[in-house]
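By convention in this document, chain letters (A, B, ...) are assigned in the order of the sequence lines, proteins followed by strands, and residues within each chain are numbered from 1.
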There are 2 protein chains.
Amino acid sequence: MSSPQPFKRVNRESTAGLITRQLREAIMFGRLGPGTQLSEATLAAEFGVSRGPLREATQRLVQEGLVRAEPHRGLFVKELDAHEVRDLYAARTAIETAAGRTIIRQRQQRAVLALRSAYEAMQSAAESGALDDLSDADLHFHEVLVSSAGSPRLQRMHQTLMVETRMCLTALQGTYRDPEDQVAEHRRITEAIASGDSDAFAGAIEEHMQEALDRLIPGGRSADAATHG
Amino acid sequence: MSSPQPFKRVNRESTAGLITRQLREAIMFGRLGPGTQLSEATLAAEFGVSRGPLREATQRLVQEGLVRAEPHRGLFVKELDAHEVRDLYAARTAIETAAGRTIIRQRQQRAVLALRSAYEAMQSAAESGALDDLSDADLHFHEVLVSSAGSPRLQRMHQTLMVETRMCLTALQGTYRDPEDQVAEHRRITEAIASGDSDAFAGAIEEHMQEALDRLIPGGRSADAATHG
DNA sequence: CACTGCAGGATTGTTGACAATCTGCAGATT
DNA sequence: AATCTGCAGATTGTCAACAATCCTGCAGTG
């Protein structure tokens with residue numbers, strides 16, 4: 001920013017906001033596994049607050065789709081079955097494709113630089129063999145992709161999806177993947193954007209998502225539209 | 001649907017849910033205009049409930065992006081400036097394009113039928129000169145488009161966007177538009193999907209959104225990326 | 001032996017009151 | 001005259017208790 005502004009804004013995050021963030025992270029990284037029931041009283045005691053702010057926090061997570069609320073029953077961490085995971089990646093494909101196309105249409109050089117930088121972070125993480133860092137860099141790459149499009153709404157929707165993505169990755173922690181491949185796919189995405197080839201980019205994203213899906217749902221092929229509300 | 005299910009589920013909507021819906025509608029249709037401050041105490045009294053459930057309801061609206069919360073200041077109905085409206089339609093374009101492409105890829109005949117039906121509803125509304133009905137049918141068409149893709153996440157994100165869209169339409173109530181054009185654009189969209197031409201469809205949607213934007217922001221052309229945090 | 005009805009225990013949904021914070025205005029000061 | 005200080009009023013943020021609802025297990029009955 002151009003204005004100096006020597007002091008940071010004082011901590012103005014609401015209690016509910018703090019709790020929301022902590023719970024979200026706990027869910028993301030599997031400390032609260034899928035299906036776990038969240039007891040308001042227990043959590044409130046743990047956080048050292050009353051049930052009011054805690055309720056507010058959980059309601060936010062419900063709206064984000066991370067927590068499922070059954071009336072008078074309780075709150076449960078959402079479980080992602082194969083169908084859900086497919087939907088998640090379909091939604092991500094939609095958002096990220098749109099973001100990339102926007103970047104290409106606007107010929108945003110800054111976005112290309114940011115993506116290259118994010119890509120290089122992945123590369124060095126892969127070289128040093130830090131798999132956790134590589135995973136982080138991977139997610140970060142996709143966040144940069146969407147945020148570069150400059151659409152607050154797209155970005156907000158994407159953030160929610162990325163939290164769920166992290167849940168998936170946490171779930172298959174321990175599974176292995178060739179870091180080379182992982183980096184190469186992102187290289188293709190980056191270069192497609194850099195060269196301004198919109199269709200090549202869309203194809204690369206599509207393939208990338210399919211790749212991820214195949215790893216997450218080994219057996220799953222078709223979505224069988226039979227039981228389809 | 002095929003399963004009979006002779007009884008509807010008993011009314012199990014929480015108080016907060018009811019209030020959320022009412023507030024949302026009030027905002028959508030301009031009964032609570034942009035910038036209006038929402039007083040918790042006043043609203044709670046009007047709804048005849050305590051501040052607890054009401055707070056829960058407003059929090060949901062905040063997360064949906066319809067209401068802006070300033071800490072210790074109050075809640076304000078969000079105002080959509082030109083930049084926001086552009087973003088809104090960009091996001092809609094992203095979602096609806098993705099939905100249509102999915103439908104085309106899966107060759108969903110049912111979706112084509114549903115779209116044709118929605119299109120015909122627009123047509124008859126246009127012929128009878130019922131502009132409000134035409135407007136409703138228009139929004140319904142886009143909802144059908146997205147819901148036909150069968151992606152819960154896409155649909156949920158789209159619903160939020162459609163509420164904001166309705167806000168925009170409410171704002172320019174009284175402005176006129178040739179119903180013929182409006183219907184024709186949706187005809188092009190429908191036929192592009194029916195014929196399976198993915199790129200033609202994307203073009204039709206793009207153009208449709210641009211058309212709407214031009215009407216909403218008469219002077220606005222470029223998004224000037226200068227002040228772009 | 002299977003089904004129905006009911007209390008026990010626990011959880012959520014709701015309420016009204018209390019505390020912290022912000023805005024705007026009156027009054028004092030330079 | 002302009003600016004700063006402090007108070008009043010109003011609003012939100014938080015809390016602990018009350019009421020309604022739901023699940024579980026057991027006794028009773030055909």
Rounded distance (Å) that lies between atom [atom2] of [N] and atom [atom1] of [X]:
{"X": "I19(B)", "N": "dG13(C)", "atom1": "CD1", "atom2": "P", "answer": "14 Å"}
{"X": "R55(A)", "N": "dA17(D)", "atom1": "CZ", "atom2": "P", "answer": "18 Å"}
{"X": "H72(A)", "N": "dA10(C)", "atom1": "NE2", "atom2": "P", "answer": "19 Å"}
{"X": "L75(B)", "N": "dA10(D)", "atom1": "CG", "atom2": "P", "answer": "19 Å"}
{"X": "L54(A)", "N": "dG13(C)", "atom1": "CG", "atom2": "P", "answer": "12 Å"}
{"X": "Q37(A)", "N": "dT24(D)", "atom1": "CD", "atom2": "P", "answer": "10 Å"}
{"X": "F76(B)", "N": "dT12(D)", "atom1": "CZ", "atom2": "P", "answer": "9 Å"}

Minimum-distance nucleotide (side-chain atoms of T15(B) versus dT11(C), dG13(C), dT14(C)): dT14(C)

Salt bridge check: are [X] and [Y] linked by an N-O gap of less than 4.0 Å?
{"X": "R92(A)", "Y": "E164(A)", "answer": "no"}
{"X": "R60(A)", "Y": "E56(A)", "answer": "yes"}
{"X": "R153(A)", "Y": "E84(B)", "answer": "yes"}
{"X": "R86(A)", "Y": "D81(A)", "answer": "no"}
{"X": "E70(A)", "Y": "R68(A)", "answer": "yes"}

Residues within residues 38-53 of chain B bordering DNA chain C, heavy-atom distance below 4.0 Å: V49(B), S50(B), R51(B), G52(B), P53(B)

Interface residues of residues 60-69 of chain B with DNA chain C (non-hydrogen, below 4.0 angstrom): none

Exercise: identify the closest heavy-atom pair between L54(A) and A44(A): CD1-N, 3.4 Å

N or O in side chain of R73(B) less than 4.0 angstrom from dT21(C) OP1/OP2: no

Q59(A)-Q59(B) side chain donor-acceptor pair, cut-off 3.5 Å: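 There is no such pair (donor and acceptor under 3.5 Å, judged by atom type) between the side chains of Q59(A) and Q59(B).
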
Side-chain donor-acceptor contact under 3.5 Å, E96(B) with H142(B): yes

Partners meeting salt bridge (Lys or Arg N to Asp or Glu O under 4.0 Å) with R21(A) (sequence neighbours left out):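 Partners of R21(A) under the salt bridge (Lys or Arg N to Asp or Glu O under 4.0 Å) test: E13(A).
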
